[in-house]
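What follows is a single structure, written as structure tokens, with notes after it.
The figures that follow rest on heavy atoms only: side chains count, while hydrogens, waters and symmetry mates do not. Numbered from 1 within each chain, the chains take letters A, B, ... in sequence-line order.
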Amino acid sequence: MSIYDTLNPEQQRAVFHDKGPLLILAGAGSGKTRVLTHRIAYLIEEREVNPWNILAITFTNKAAKEMRERVDKIVGYGSESIWVSTFHSTCVRILRRYIDTLGYDRSFTIYDTDDQKSLMREVCKYLEIDTKKMNERGILSVISKAKDELVSPEEFALRAQGDYQQSKYAQAYTEYQKRLKLNNALDFDDLIVKTVELFQTNKEALNYYQNRFRYIMVDEYQDTNTAQFRLIHLLSMGLNEYGEREYNLCVVGDDDQSIYKFRGANIHNILNFEQAFPNTKVIKLEQNYRSTKSILNTANEVICNNKGRKDKSLWTDNEEGQPVCFTQFATDFEEADQITSEIKRYVEAGEAGYNDFAILYRTNAQSRLFEEKLILRNIPYKIVGGVNFYSRREIKDILAYLKTIDNGMDSIAVKRIINVPRRGIGLTTIDKVNDYAIRNDISFYEALTRAQSIPGLERTASKITPFVSLIEGLKSRLTKEGYSLNELIDDILDATGYLRELEEDNSEEAKDRIANIDELVNKLVSYEENAEEEPTLSGFLEEVALVSDIDSLDETNEHIVLMTLHSAKGLEFPYVYLSGMEEGIFPGYMAIHAENPEEEIEEERRLCYVGITRAMKGLSLSAAKQRMLRGETQFNRPSRFINEIPRYLLKMNASSPKKIQSGYQTSDYDFNNHTPFEKSIEFEKSSGTGSYKQTQIAYKPYSTPEPKQFAGNNMGTLDYGVGDTVKHIKFGTGEVIDIVMGGKDYEVTVEFPNFGVKKLLSSFAKLVKI
DNA sequence: ACGCCGACCGTCCGA
DNA sequence: CGGTCGGCGT
């Protein structure tokens, strides 16, 4: 009996693969993390690979942490010397050691999106770019895309020749990079790009890491971009002791779960892996251990509408399970209300815990309504993503102090805090200092130290000097033996008067801010206590820069989890609510109206597939007919993805993922009150037979305030009668000759001039009174 | 220099 | 709806 006996034959083939490139196509829930961890154990224990020679790369810290824990459990010794980390932390670690050869200082800081925007604002001002015509975000996204593809500013400029718009971008890109370097800062994309640059220009560094990482594993490979591909490619080209290239590269991914095209993921990395790495062994993991047959079938039905996939079909031995449900609510408000109350009922009935549920949505903005309802019902919850803790003003302020102390070259940080709290240093002063800094080719902070000698600042210099001494004072304390980061942050809060100012302000907002600062102090203390190496200020700032919200998610806590579909990738939950299944929301407006809608819709469909496959036991899909979006009301049809699920798999209008038959009222919402689907047209021909019976659920009529557009076909509120002329989507206009009550529905008989007499169900036929 | 207010605006997704 | 920015008054 060995640890490998519990693996299925395909998993074993992947684990026991010896040398050379290996592509594992691992469907959702097929146990890929298990395969990766067992493979690591196998390499060490059976192939006598030195743990030191293994690199495992993931996309999130959470995944890295989990893999580390699982490896620790099954690898007897030496597991701590396996390098398990994310792309970004791997690169930071490499750059901290070698980046001086690229002309940066090793204490570089990492710019987040806000910092990037501030810097780009300066760039635009300098280049006299009208940010109304080309906004900072737009320029940054062009630059980011270039970096993802390893296009340098020089190359970008070359390609842009003759195109005014592109040339502007090229100028901005060049200037932006110049200023990043001046600030001794790297943005997220730079972390990868600069590491590739390092390896291409510094043979010694490349050799060192090639030699070290003889076995490389990459998780979520479908989400890698071109720069990351190049990085892996370079690393995997090391030679073994006989001078041979082995390409001991094992990548795990699922092309159906590629959902990060917008941030540069290149699906060709996985589709063309076999071409890029000759003699690749391909192993498919197609048995799903996570979901019920109902859920898996639903997922397969949706994803099979995509073209250009790797051929594979997921199956499961699990039970059939509860059918997947779809509910169309009248409003987004009601959607949130019903879903949260349903979850509460389950938990109070003892059928599940709050941590068994996840509510997923396409955009973060959709979380707000759910949050309000959860607070109202006193249900514990955690929202992943959205407004980042580290992007709150007070946190950014304190971090800017820490950054200024750590790296005075980071002008964005210095400018942020120079007048926070108020020191009477205004914009005009800052501009003068800035000009002086640029003219003398020194950093902004350096210029501040020479304030007295800057022409025109004779008077304001008296306000600048105390700020400089404050920072210098804090810096010098930091160099003292035994002075902790915890003390530093306390000194900052005290010496600047930042905390005092908040304490004197008795508002609710100020109290929140203080609480947030306390939270930051907690994080710093726990960093100091848990740091693997000597805790340093740079180390803390780095951790903060690279942390993502999902990393702190603890599924064992008793709370519902709310997050976007993107954040949910890689996770699983017993019961999943997939909300906002509406055209314009999911698939999103941007995808539908893109230049290449087919491609964009396929990406959305993969996202839908990811969402569906998160569910283990129960899946409930929902839409709202009416939704508030940026202050205005939208009316949306149900998502096309709902239409792609065959009727027999979908239990319509029931809002429960399980035990719907148990007798109680799942929802007092008007079940019939939904917009008909296109597929329902076919269904009319066989009305009264087939799977429709499933949907005959007891309900009590409930009238909801309705927009006129949707009042045409719901039970109890038919706005047409016998003798009226109505319009049908397929049959055109006709006259209503009879209406009878049938089951929970009206059976409407209509005479169409061109199609004859048809019997239609009011809830499915889109009959509109003319 | 700074704070207030009204106009405007623009949107997905994220390390 | 909610954040941001620019104009204006102090």
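- Residue contacts shown for Ser567(A) are limited to sugar-phosphate atoms, with no base heavy atom under 4.0 Å away.
- Backbone-only contact: Gly424(A) has heavy atoms under 4.0 Å from sugar-phosphate atoms and none from a base.
- Checking Asp406(A) against Ser538(A) by side-chain atom types alone, a donor-acceptor pair falls below 3.5 Å.
- Toward the 5′ end of DNA chain B lies the nearest nucleotide of Arg423(A), the other residue of the pair Arg423(A) and Glu603(A) mapping further downstream.
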Are there any protein N/O atoms within less than 3.5 Å of an N/O atom in nucleotides 4-10 of chain C, and if so, which ones and at what distance?
residue	atom	partner	partner atom	Å
dC5(C)	OP1	Arg121(A)	NH2	3.3

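- Within 4.0 Å (heavy atoms only), Arg393(A) reaches no atom of the nucleic acid at all.
- If you check every strand for non-hydrogen atoms under 4.0 Å, Asp549(A) touches nothing.
- Tyr111(A) and Asp410(A) share a donor-acceptor pair across their side chains, judged by distance under 3.5 Å alone.
- With hydrogens and angles left out, the side-chain atoms of Thr226(A) and Asn266(A) include a donor and acceptor closer than 3.5 Å.
- Residues Gln626(A) and Phe333(A) are not in side-chain contact: their nearest non-hydrogen atoms beyond the backbone lie 4.5 Å or more apart.
- Side-chain contact check for Asn364(A) and Thr564(A): no donor-acceptor pair (N or O, by modelled atom type) lies under 3.5 Å.
- Comparing Gly426(A) and Ser144(A) by the nucleotide of DNA chain B that holds the closest heavy atom to each, the one mapping nearer the 5' end is Gly426(A).
- For Arg97(A), the side chain to side chain contact (heavy atoms under 4.5 Å, CB included) partners at least two apart in sequence or on another chain are Tyr208(A), Tyr209(A).
- Stacking of the aromatic ring of Tyr260(A) onto the base of dC13(B) is not found under the criterion of centres within 5.5 Å and planes under 30°.
- You'll find that the side chain of Thr363(A) is closest to dC13(B), out of dG3(B), dA15(B), dC13(B).
- Contacts of Tyr589(A) with the nucleic acid, taken as non-hydrogen atoms under 4.0 Å apart, are absent.
- Side-chain polar atoms of Tyr176(A) and Gln116(A) form a donor-acceptor pair below 3.5 angstrom.
- Nearest nucleotide to the Ile550(A) side chain, out of dC1(C), dC12(B), dA15(B): dA15(B).
- Side-chain atoms of Thr428(A) lie closest to dA1(B) of the nucleotides dA15(B), dC2(B), dA1(B).
- Separation of the C1' atoms belonging to dC12(B) and dC5(C) is 24 Å when rounded to the nearest angstrom.
- A gap of 16 Å separates the P atoms of dC13(B) and dT4(C), to the nearest Å.
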Bracket string, DNA chain C, 5' to 3' - pairs by Watson-Crick or G-U geometry under 3.5 Å, | interstrand = .|||||||||

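- Taking 4.0 Å as the cut-off between side-chain N and carboxylate O, Lys625(A) and Glu334(A) do not count as a salt-bridged pair.
- For the 3.5 Å distance criterion, the side chains of Tyr390(A) and Asp112(A) fail to qualify, holding no donor opposite an acceptor.
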